[in-house]
J.: 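One structure is given below, represented as structure tokens, and several questions about it will come after.
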Amino acid sequence: EKGTYPHYMLKEIDEQPGVVRKIVQNYEDEEGNLVIPSDIANALHDADRLYIIAAGTSYHAGLVGKQYFEKMAGIPVEVHISSEFGYNMPLLSEKPFFIFISQSGETADSRQVLVKIKELGHPILTVTNVPGSTLSREADYTLLLHAGPEIAVASTKAYVAQVAVLAIVAYVEAQAKGKALDFDLKAELGIVANNIQTIVDHKEDMEHVAADFLETTRNAFFIGRSIDFYLSLEGALKLKEISYIQAEGFAGGELKHGTIALIEDGTPVFALITQKEVSLNLRGNVKEVTTRGANACIISMEGMEEPGDTIVLPPVHPLLTPLVSVVPLQLISYYASLARGCDVDKPRNLAKSVTVE
Ligand code: F6R
């Protein structure tokens, strides 16, 4: 059912504005307030620390979620890669609360952690796109992503859904804690949906970016600071898995501690600038790489753009920028994969759900 679309991935990218709207509908009460089921809210409220466990793109969504819980609700959060956590468990707090994030709900690496945590008797919430999936059945609580089936191996709309749902959970918990929130998340998510739509309506711009920066390159770098660092990890993962271009995401400030040695004439560097308080630092990092010959693609948010930036994103609330900045990264990867003749929806060596540890 990809209809007129050449690939599921493109269809799923296009569905993202609708996914954000659908999540808002599914997480609002009759008065139109954002809510989560009270048993989940209560269990979360009792916790002294959250442990987010996930793999791949879902792990990247978890990193963004950490910022939400810490900045909105004031709860400390650790985010762990499931394959590491199972065998190298950190010391847990007194009242831990576990959140497993998994599009498929079947990832074996995450499941083995869930089984161990269950044995320890700690509360577990699974955030998944698949009702009745293993991780959902085995958890105490489930929150659904409502993204609709994701068929392409590269995860797109599930990431957006995960970030949106985590924002809602953090916001609801912040309200329960009586935190002063200076924004209306529901209204802001409406703006996000509209702005994702604007980006997908101009997707040919991203096709040009892919052609200009990635047609023949062997490698590529993504840099960002703060929340944009997490997006740089996701941008790199998306690009490498479907275009086979070796790609790495870095914290802007870390690049000079080694990796900058790899910058040569023409090396593509995608720089994300959506956070005002670090935008000048990141501009400095861009200068460091362009001085050494890099071909910098600057993706900035309206309000902090400078002449010459490659992509200027329509503005959203500073905490919600991942929901829009990920979209050009997805589209650039899509078009790079296409231009290089790769199998966009079914990249080599990869499966949609990874059921081995
Ligand atoms: C990346 C991708 C993988 C998955 C990872 C976790 O595009 O699809 O990195 O994100 O295998 O899968 P789930 O979320 O199903 O647990």
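Both backbone and side-chain heavy atoms feed into the values below; hydrogens, waters and symmetry mates do not. Remember, it's 1-based here, ligands and their atoms both numbered in the order they're listed.
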J.: I'd like to know if R292 pairs up with E288 as an ion pair, taking the criterion as any Lys NZ or Arg NE/NH1/NH2 lying under 4.0 Å from an Asp or Glu carboxylate oxygen.
T.: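 Answer for the salt bridge query: no.
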J.: Heavy-atom distances under 4.0 Å are what count here, so tell me which part of E106 touches ligand 1: side chain, backbone, both or neither.
T.: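 The answer is neither.
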J.: Could you identify the single nearest non-hydrogen protein atom to atom 15 (O) of ligand 1 and state the distance to 0.1 Å?
T.: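 Answer for atom 15 (O) of ligand 1: S104 OG, 2.6 Å.
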J.: Do me a favour and list the nearest non-hydrogen protein atom to atom 8 (O) of ligand 1 with residue, atom name and distance?
T.: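 Going by distance alone, atom 8 (O) of ligand 1 is nearest to V153 O, 3.1 Å.
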J.: Report yes if some heavy atom in the side chain of V153 is under 4.5 Å from a heavy atom in the side chain of D345; otherwise report no.
T.: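 The answer is no, as the side chains (C-beta and beyond) never meet within the 4.5 Å cut-off.
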J.: Among all the protein's non-hydrogen atoms, which is closest to atom 5 (C) of ligand 1, and how far away is it?
T.: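 For atom 5 (C) of ligand 1, the nearest protein heavy atom is A55 O, 3.7 Å.
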J.: I'd like to check which ligand 1 atoms, numbered from 1 as shown, lie under 4.0 Å from a non-hydrogen atom of K238.
T.: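 Under 4.0 Å from K238, ligand 1 has these atoms: 1 (C), 7 (O).
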J.: Tell me, which protein residue and heavy-atom name are nearest atom 3 (C) of ligand 1, and how many Å apart are they?
T.: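 Of every protein heavy atom, T57 N, 4.1 Å lies nearest to atom 3 (C) of ligand 1.
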J.: Would you say ligand 1 has an N or O under 3.5 Å from any N or O of T107?
T.: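 By distance alone, the answer is yes.
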J.: Taking only heavy atoms of S58 into account, list the atoms of ligand 1 that are under 4.0 Å away from them.
T.: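 By the 4.0 Å cutoff, the relevant atoms are 10 (O), 13 (P), 14 (O).
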J.: Considering T355, V354, I242 one by one, which has a heavy atom nearer to atom 11 (O) of ligand 1 than any of the others?
T.: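 Looking at heavy atoms only, V354 sits closest to atom 11 (O) of ligand 1.
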J.: Report yes or no: is the cationic atom of K186 (NZ for Lys, CZ for Arg) under 6.0 Å from the centre of the six-membered ring of Y27, at an angle within 45° of the ring normal?
T.: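 Judged by the rule, K186 and Y27 form no cation-pi pair.
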J.: Are H122 and F97 close enough that their ring centers fall under 6.0 Å?
T.: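 No: the rings miss the under 6.0 Å criterion.
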J.: Decide, yes or no, whether a salt bridge links K203 with D14 under the criterion of side-chain N to carboxylate O below 4.0 Å.
T.: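 Looking at K203 and D14, the cut-off is met.
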J.: Return yes or no for this condition: an N or O of L237 is under 3.5 Å from an N or O of ligand 1.
T.: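 Among all N and O atoms of L237, none is under 3.5 Å from an N or O of ligand 1.
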J.: Check this for me - ligand 1, K352, N or O atoms closer than 3.5 angstrom, yes or no?
T.: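 For ligand 1, there is no N or O atom that lies under 3.5 Å from one belonging to K352.
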J.: Please write down residue, atom name and distance for the protein heavy atom closest to atom 7 (O) of ligand 1.
T.: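 Going by distance alone, atom 7 (O) of ligand 1 is nearest to E241 OE2, 2.3 Å.
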J.: If you count the atoms of ligand 1 from 1 in the order shown, which ones are under 4.0 Å from a heavy atom of S102?
T.: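 Matching atoms, with element in brackets: 13 (P), 14 (O), 15 (O), 16 (O).
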J.: Within the 4.0 Å heavy-atom shell around A154, which atoms of ligand 1 are there?
T.: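 So the atoms of ligand 1 that pass are 7 (O).
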J.: May I ask whether I81 and F85 are part of the same hydrophobic cluster, defined by side-chain heavy atoms of I, L, V, M, F, W, Y residues being less than 4.5 angstrom apart, directly or through others?
T.: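 No, I81 does not connect to F85 through the hydrophobic network.
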J.: Show me which atoms of ligand 1 lie under 4.0 Å from any heavy atom of S155.
T.: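 Counting from 1, the qualifying ligand atoms are 7 (O), 8 (O).
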J.: Would E106 and R111 pass as an ion pair if we require N to O under 4.0 Å?
T.: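 So E106 does not pair with R111 through a salt bridge.
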J.: So among V64, L63, I23, I168, which one has a side-chain contact (heavy atoms from CB on, under 4.5 Å) with V163?
T.: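 The passing option is V64.
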J.: Is the distance between the ring centroids of Y171 and F183 less than 6.0 Å?
T.: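 Yes.
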J.: Tell me whether the count of non-hydrogen atoms from other residues, nucleotides or ligands lying under 6.0 Å of CD in E94 goes above 12.
T.: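 No - once you tally the heavy atoms of other residues, nucleotides and ligands closer than 6.0 Å, there are 12 at most.
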